[in-house]
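My questions all concern the structure below.
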Number of protein chains: 2
Amino acid sequence: MEEIITPDVENITELFEAKKYARIREIFVEMNPVDIAALLSDFPKERAAILFRLLPKELAAETFVEMDSERQEHFIKSFSDSELKDIMDEIYLDDTVDIVEEMPANVVKRILSSTDATTRAMINKILQYPDDSAGSIMTIEYVSLRKNMTVADALTRIRRTGVDKETIYTCYVTDYNKKLLGMVTAKDLLLSEEDTEIVDIMETNLVYAHTHTDKEEVSQMFSKYDLLALPVVDDEERLVGIVTVDDALDVMEEEATEDIEKMAAIVHVDKPYLSTSVFETYKSRIPWLLLLMISATFTSMIITRFEDALSVSIILSASIPMLMDTGGNCGGQASVTIIRALSLDDVEFKDLFKVIWKEFRVSLLCGASLAVVNFGKMMILNGRDPDVTIIMIIVISLALFCSVVIAKLIGCMLPMVAQKIGFDPAVMSSPFITTIVDALTLLIYFNLAVLILHIA
Amino acid sequence: MEEIITPDVENITELFEAKKYARIREIFVEMNPVDIAALLSDFPKERAAILFRLLPKELAAETFVEMDSERQEHFIKSFSDSELKDIMDEIYLDDTVDIVEEMPANVVKRILSSTDATTRAMINKILQYPDDSAGSIMTIEYVSLRKNMTVADALTRIRRTGVDKETIYTCYVTDYNKKLLGMVTAKDLLLSEEDTEIVDIMETNLVYAHTHTDKEEVSQMFSKYDLLALPVVDDEERLVGIVTVDDALDVMEEEATEDIEKMAAIVHVDKPYLSTSVFETYKSRIPWLLLLMISATFTSMIITRFEDALSVSIILSASIPMLMDTGGNCGGQASVTIIRALSLDDVEFKDLFKVIWKEFRVSLLCGASLAVVNFGKMMILNGRDPDVTIIMIIVISLALFCSVVIAKLIGCMLPMVAQKIGFDPAVMSSPFITTIVDALTLLIYFNLAVLILHIA
């Protein structure tokens, strides 16, 4: 038996320099396309292109699909027309569309000219769907059946055409106008008598999407109904394509990333971190940073106005960061929780008062705990300081309590209101809410100080 | 044809009060179990339990699985022993385990006594696996085949046993010791000649997990390799169960929620928002709030120490919130981006210097933009103020610049270092990093002020 070689850069390079190409091919054939693509990305481009050519056609296509766009572009440029055609012929439509979307115009032209007219028309059609829609992630390689077929007919059709289909496990029943009538699973077919008519076993109460349905909604349908595939219809309820669960998984990952970024006031970039340039990253960060810095002007105006109050004792200024940090953390906890609950459909706008009432009671508990601990901490650390009176410590603790309550109320309300008036609740990001909470915290703090400490 | 009735609370209640139970049953049978469960949850518990009994057995089981734990518990208490047995017999093992995990001890006892000895043993075995492992989410209802079976034999076995299997689309080939040898898909079986031996068409280069593999890693495998099912083996490489893609989707959703919560300094609660009590929510928020408030003591100590510097002009105090907010936002952007990139495997610890170098350059751009805009803003708003000199504005803008650079560097480094030493990078939450950045920002700010403004 051959020595088992770990497929890594060192070993493959060794074999390559010893011209043992057949051995390299053997190793590749045992690997998963995802892992081959990852391995090739660790090689310099020229070497990777040569190694790629060692792959048998089907494996080459599967590997090609898993590579990042930069590499794909480089490879396409190094392919001859017939090599390109061979690869593109093997790739499913939705993967072809994904590749085309990332390529510059001249490469797209080459790709399209290497496909047949029907495929070309389909690619162009799919490219016209809005970016975040079901239409943009669907594929047309599904199995369609007629309702008066028998189970035997259906299995024959699957055997005849199944090799080119993205999935054969969910088959769709349509009429002559492509109107979607029902669905049968491969399991239904295998477990039914061969002479049963499709119409008698098909599921008619279908979950489906329209071409313009948002892809986030699509992925939630997969999660809610435990689907393997979802049919996509046009405005006339005609079946035009399907979305498969692997694409739904990818969408779910993307959408989670987008929500996380929004909550941190980052503008979304559609590439992995190390593939984005410094300038692109800068552009995704700076808009909100500028906006939030400008709005921080309010807090400095407030502080300036209460100059006299602050001059009474340094402890009043020294507590500002603590008050604002705590308020910010509280607002962030509430807003993040509500934004996530909204996106998982655990909470809807009609629950607004339930949510407010709950957050209010939570904020009373949190505020009381924090105020008491702060009081104790300050008595210990600052109690002997001649410039610090107990009244001041009480004022600061009271302001802390109010800040926590305000922060959690604002943090839970704004995302829900945002969604109600049509905005993405994640836009009510933590930094945004923190800015509002900061200004209110300072106003309450200073007014309490003026009131209780009798400062003009 | 019968009038089409929307299945909502009003209509069903109307039919119920008119005692039209057969009609209600007809309506339910047309619905998806997920939607029936959602509808029943809008009814008061007693009414829901009665409506539930109208469902045919298989649909009742599917609906039961989709209900929330509170309702499930109530229903179980209202079932007779034979009703409970009927339901539990229909439910797949992984769903049974999910239900059992949420029930109080006396209900668990009832459930277990209503299942047969084999199932009971399996449930107990699965319950022993660590909470976040592949073992805890797997099921044993898979199709297993022998390698010298023919395709015809395999299809016969599927027809005979398939109805009870969680999935028949991925079948596993094992030897007499249950050692995992390979995998065939239903598609392979349907598209191969009937007399082909399984050993000739099975895939041997398998992706699989161990019973103790973390479930987050499991869901990432589904996403990476586009799997429909993943085999799970024990320490002796024997097949003990499979995880199906619907469970991977749920895990992905949970894990994204957990990461989002960690980044907002919330301790994870395993229930939907409205199902958690006020006290449970309080307990998930207060730990970090307390910790972060205590650590804010550092910032107030720093401010107290620089009392004299601050007394020169109120503008120096007034700019503190702006400096700290901006530093906090910058740190948050960097940490959130890196935490997400780490969890999606876009970035690893070996990329540390690449990441630092990139964040450094981004921070230079962001810092410069913000400092320049701040300078302009302050010249316009505060330029005529006799208490504010250009030098002060320069000091504040310079401190802003330094704060941004420090924030982004700390924000990107801490999560990576945390992961390297074995902590979950998401623990390096925004509030945690903000606290560190705040202290450093103030130190830089005041030292710059003392240096440049020549204050003792």
Side-chain angles (χ1 to χ4, degrees), chain A residues 30 34 158-159 162-163 168-169 186-187 190-191 205 223-226 245-246 249 252-253 256-257 260 264-266 272-273 278 281-282 285-286 289 292-293 296 299-300 303-304 307 314 317-319 321-322 324-326 329 332-333 336 340-341 346-347 358 361-362 365-366 369-370 431 438, chain B residues 30 34 158-159 162-163 168-169 186-187 190-191 205 223-226 245-246 249 252-253 256-257 260 264-266 272-273 278 281-282 285-286 289 292-293 296 299-300 303-304 307 314 317-319 321-322 324-326 329 332-333 336 340-341 346-347 358 361-362 365-366 369-370 431 438:
Chain A
E30 289 301 308
V34 175
I158 290 175
R159 288 196 171 92
V163 70
I168 61 162
Y169 302 137
K187 185 173 178 177
L190 281 171
L191 301 184
N205 181 32
S223 170
K224 185 177 177 187
Y225 294 102
D226 288 345
V245 67
D246 52 304
L249 266 171
M252 186 174 284
E253 210 170 67
T257 304
I260 288 172
I266 300 170
Y273 179 74
V278 169
T281 309
Y282 162 72
R285 306 255 181 110
I286 200 65
L289 286 178
L292 295 168
M293 186 196 76
T299 53
S300 51
I303 293 179
T304 309
E307 182 173 357
I314 191 64
S317 301
S319 303
M322 183 274 294
M324 286 171 43
D325 271 356
T326 310
N329 292 340
Q333 285 180 337
V336 157
R340 189 64 181 163
D346 288 340
V347 150
K358 180 169 176 187
R361 289 175 292 160
V362 171
L365 284 175
C366 287
S369 312
L370 290 165
D438 281 351
Chain B
E30 288 302 307
V34 174
I158 291 175
R159 285 193 174 95
V163 70
I168 61 161
Y169 301 136
K187 185 174 177 177
L190 280 171
L191 300 185
N205 182 32
S223 171
K224 185 177 178 188
Y225 294 101
D226 289 344
V245 67
D246 52 303
L249 266 170
M252 187 174 284
E253 210 169 67
T257 304
I260 288 172
I266 300 169
Y273 179 75
V278 169
T281 308
Y282 163 71
R285 307 255 182 110
I286 200 66
L289 287 178
L292 295 168
M293 186 196 77
T299 53
S300 52
I303 292 178
T304 308
E307 183 172 357
I314 191 64
S317 302
S319 302
M322 183 274 293
M324 287 173 39
D325 271 355
T326 309
N329 292 340
Q333 285 179 337
V336 157
R340 189 63 181 161
D346 288 340
V347 152
K358 179 171 179 186
R361 289 175 292 160
V362 171
L365 284 175
C366 287
S369 313
L370 289 164
D438 281 351

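Here is how names work: the chains are called A, B, and so on, in the same order as the sequence lines, proteins then strands, and each is numbered from 1.
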If we ignore hydrogens and angles and just use 3.5 Å, is the side chain of A:K358 paired with the main-chain N or O of B:T281 as donor and acceptor?
no
Under 4.5 Å from any heavy atom of chain A, what part of B:M322 do you find: side chain, backbone, both or neither?
both
For A:R340 and B:I260, which heavy atoms make the closest approach, and how far apart are they?
CD-CD1, 3.6 Å
Hey, which of B:L289, B:N329, B:V336 has the most heavy atom pairs under 4.5 Å with chain A?
B:L289
Answer key: most heavy-atom pairs under 4.5 Å with chain A among B:A341, B:P321, B:A265 is B:P321
What is the distance from atom NZ of A:K187 to atom CD1 of B:I158, rounded to the nearest 0.5 Å?
10.5 Å
Structural part of B:D438 lying under 4.5 Å from a heavy atom of chain A:
side chain
Taking B:I168's backbone N and O only, do any of them form a donor-acceptor pair with A:Y169's side chain (distance below 3.5 Å, no angle check)?
no
Given a strict heavy-atom distance threshold of 4.5 Å, which part of B:V245 is in contact with chain A: side chain, backbone, both, or neither?
side chain
Would you check if the side chain of B:Y282 reaches a backbone N or O of A:R361 as a donor-acceptor pair within less than 3.5 Å?
no
B:L365 versus chain A, the contacting section by heavy-atom distance below 4.5 Å:
both
Between A:L191, A:L292, A:T299, the one whose heavy-atom pairs under 4.5 Å with chain B are most numerous:
A:L191
Of the listed B:T326, B:L370, B:D346, the one with the largest count of heavy-atom pairs under 4.5 Å with chain A is B:L370
Is it the side chain or the backbone of B:R159 that comes within 4.5 Å of chain A heavy atoms, both, or neither?
both
Among the listed options A:E30, A:E253, A:R285, the residue most often paired with chain B at heavy-atom distances under 4.5 Å
A:R285
Here the gap from A:T304 atom OG1 to B:I314 atom CD1, rounded to the nearest 0.5 Å, amounts to 6.0 Å
Given the rule in the side chain to side chain contact (heavy atoms under 4.5 Å, CB included) test, do A:D325 and B:M293 qualify, once you have shown the distances and angles that lead to the verdict?
CA-CA 8 Å; A:D325 271 356; B:M293 186 196 77; over 6 Å; no
So which of B:G162, B:G332, B:A296 has the largest heavy-atom pair count under 4.5 angstrom toward chain A?
B:G162
How many angstroms lie between atom CG of B:L249 and atom NZ of A:K224, to the nearest 0.5 angstrom?
14.5 Å
